[in-house]
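Step one of this worksheet: look at the structure below.
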Amino acid sequence: MLPPFLKNLRFWLAKGPLSNYALDRWIPDADAEQEFMPARQPALRWHVLVMPLFFIPLITYWIIGPAYIADVRTFILGTLLNYTLSGCCVLTLNFFTQRILRSFPALNQIWMRVWRMLLVFGIITPAYILGGIFIYDHFHLFGYRHDPDITIKILLYNFLVNIVSVGIDETVYSLTKWRESAFEQEKLKQVTLQSQYESLKHQVNPHFLFNSLNSLSSLIADEPEQAEEFLYEMANVYRYLLHTNKSTSADGEAELTTLETELKFIDSYFHLLKTRYRTGIDLVTSIKPDILAHRLPPLTLQMLVENAVKHNVIAANKPLLLEITTSSAGDTSTVYKTALGKNRPAKENLIWLTVRNNLQRKNNRMASNKIGLTNIAAKYRLLSYPEPIIDDTDGYFSVTLPLFEPGTPT
């Protein structure tokens, strides 16, 4: 495993300096290894190229005078001294600009970044210039004599260079951020279409439909009232599935749905399961009423419940217990810390939803393509939320995922 520094260097050499801008998160390819690339830091920006090529020699000539190009020794020593000062200046600028980019990474925060960067440049670069002039004057280096007019000239030139430098940096950052956003939207569209396809398969799944109709047939003769209720809930299930696909926009982006809506759908879906398995299955929900307006990707709960039913034994003497609960970040410290340790953007004060079942795996375990869980994780990753956390210890299988706040844009 390469150290983080070598990984960043290898990526920089492969992709070029522009790729290092912004990219405060990365989207792994579908076939990528499960090894997260370190967070990409904003590169040492254009000053690294501008100052050595033009700015530093010109400033040095203004300070020292004609002796700078007339004497080889003066040229070498003066250049080395000013390169050292400029290198320290660049590192200081890079430290503060990285903090600014981390604090204001969004495309719509341009002016929040620009005025802070101008302020940082306007303080740090004059400080290094005046510090360098003080060194020349105090030690009388190369016969230097302080000239206020030259100092003002240098500061004015530095002011113009700062404006151009910040402008170039912000342009490259915004373009790269826009490219990253477009890439994420395309990936999200692909994930949504895949989820749509899986949902469509469930709608026409002959096995699920056969079981539902078979249960309905047995109820019609013996329990007509319950048969009517079963048919009503079955219609609700398919109505919601159709509505979910219909609500997907033309460009492939699916809207988030409220937790309350998903729970109503799960009530109907579980009614079908309960009618079929009777005492072999049970569902317990513990949801605080004040978070029902929080949102999540549609059909998330259905995928998780179906996953539990598919891979576990369900019998009257070995009932499958499903639990759906919610808690805040403070109530789930272990889960929350796990989310923070996955190289993903962390968000404070999240509400977490947990779907849990007791583990009683089937002996002839069915092959799983894990498409459902993969789709859920990909949607959260592409929407910049911590990914769902999967745990199968202590005899339980649980999936814990964060809920989107009401009004969260997709």
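For clarity, every value in this text was computed on a predicted model and none was experimentally measured. All residue numbers in this chain count up from 1 along the given sequence.
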Checklist entry - Stepwise, does the side-chain contact (heavy atoms from CB on, under 4.5 Å) test hold for N236 with Y269? => result CA-CA 8 Å; N236 284 341; Y269 183 75; over 6 Å; no

Next on the checklist: Walk me through whether V309 and Y277 qualify under side-chain contact (heavy atoms from CB on, under 4.5 Å).
Outcome noted: CA-CA 10 Å; V309 172; Y277 294 108; 3.9 Å; yes

Checklist entry - Is there a side-chain contact (heavy atoms from CB on, under 4.5 Å) between T354 and E323 once you walk through the steps? => result CA-CA 8 Å; T354 299; E323 301 175 10; over 6 Å; no

Item to check | Steps toward side-chain hydrogen bond (donor to acceptor under 3.5 Å, both in side chains) verdict (Y68, T79) | outcome: CA-CA 9 Å; Y68 176 61; T79 301; 2.7 Å; yes

Next on the checklist: Between H311 and F397, does the side-chain contact (heavy atoms from CB on, under 4.5 Å) criterion hold? Intermediate values first, please.
Outcome noted: CA-CA 11 Å; H311 296 288; F397 180 87; over 6 Å; no

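Other residues, nucleotides and ligands contribute over 12 non-hydrogen atoms within 6.0 Å of the CD atom of E223. Within a 6.0 Å radius of CG in D394, no more than 12 heavy atoms belonging to other residues, nucleotides or ligands are found.
A side-chain donor-acceptor contact under 3.5 Å links N312 to the backbone of A308. The main-chain N or O of V313 is found under 3.5 Å from a side-chain atom of Q360 such that the two form a donor-acceptor pair. Put simply, the side chain of N358 gets close to the backbone of P319: a donor and an acceptor are under 3.5 Å apart. Side-chain atoms of K274 come within 3.5 Å of backbone atoms of I281 as a donor-acceptor pair (strictly under, hydrogens ignored). With hydrogens and angles disregarded, no donor-acceptor distance shorter than 3.5 Å links the side chain of R179 to the backbone of L175. No donor-acceptor pair under 3.5 Å is formed between the side chain of N357 and the backbone N or O of L322. Listed for the R113 side chain is a donor-acceptor partner under 3.5 Å among the backbone atoms of A106.
Taking the side chain as every heavy atom from C-beta outward, I63 and F142 never approach each other to under 4.5 Å. Between I287 and L353, the closest side-chain pair of non-hydrogen atoms falls below 4.5 Å. For the pair S398 and V355, the minimum side-chain heavy-atom distance is 4.5 Å or more. Taking the side chain as every heavy atom from C-beta outward, Y385 and L401 never approach each other to under 4.5 Å. Using a 4.5 Å heavy-atom cutoff, the side chains of L216 and I220 are in contact. Contact check for N82 versus Y136: side-chain heavy atoms found under the 4.5 Å cut-off. In this structure, the side chains of I168 and V164 come closer than 4.5 Å at one or more pairs of heavy atoms. The shortest distance between side-chain heavy atoms of K153 and D149 does not fall below 4.5 Å.
The two residues Q302 and E262 come nearest to each other via the heavy atoms N-OE1, 4.5 Å. Nearest heavy atom pair, residue T97 against residue F121, reads CG2-CE1, 3.7 Å. For the residue pair D392 and L359, the shortest heavy atom distance occurs at O-CD1, 3.9 Å. Nearest heavy-atom pair, C89 versus T125, reported as atom, atom and distance to 0.1 Å: SG-CG2, 3.8 Å. The shortest non-hydrogen separation linking F230 to S215 is CZ-CB, 3.9 Å. Scanning all heavy atoms of the two residues, the minimum distance from L403 to L350 falls at O-CD2, 4.3 Å.
Expressed to the nearest 0.5 Å, how far CD1 of I266 lies from CG of L273 amounts to 8.5 Å. Between D169 atom CG and M117 atom CE the span is 5.0 Å, to the nearest 0.5 Å. The CZ atom of F270 lies 5.0 Å from the CG atom of L283; values are rounded to the nearest 0.5 Å. To the nearest 0.5 Å, atom OG of residue S218 and atom CG of residue L213 are 11.0 Å apart. Between I324 atom CD1 and L304 atom CG the span is 8.5 Å, to the nearest 0.5 Å. Atom CG of L85 and atom CG of L80 lie 11.0 Å apart (nearest 0.5 Å).
Ring pair Y380/F404: centre-to-centre distance below 6.0 Å.
Ring pair Y144/H146 is perpendicular by interplanar angle, where above 60° counts as perpendicular and below 30° as parallel. Using cut-offs of 30° and 60° for the angle between ring planes, the F265 and Y240 rings count as parallel.
Evaluated for a side chain to side chain contact (heavy atoms under 4.5 Å, CB included) with F159, the options N162, I163, L155 yield exactly one hit, I163.
Under the side-chain hydrogen bond (donor to acceptor under 3.5 Å, both in side chains) criterion, Y128 pairs with T92, sequence neighbours left out. Applying the side-chain hydrogen bond (donor to acceptor under 3.5 Å, both in side chains) rule to S217 yields no partners; only residues at least two apart in sequence or on another chain are considered.
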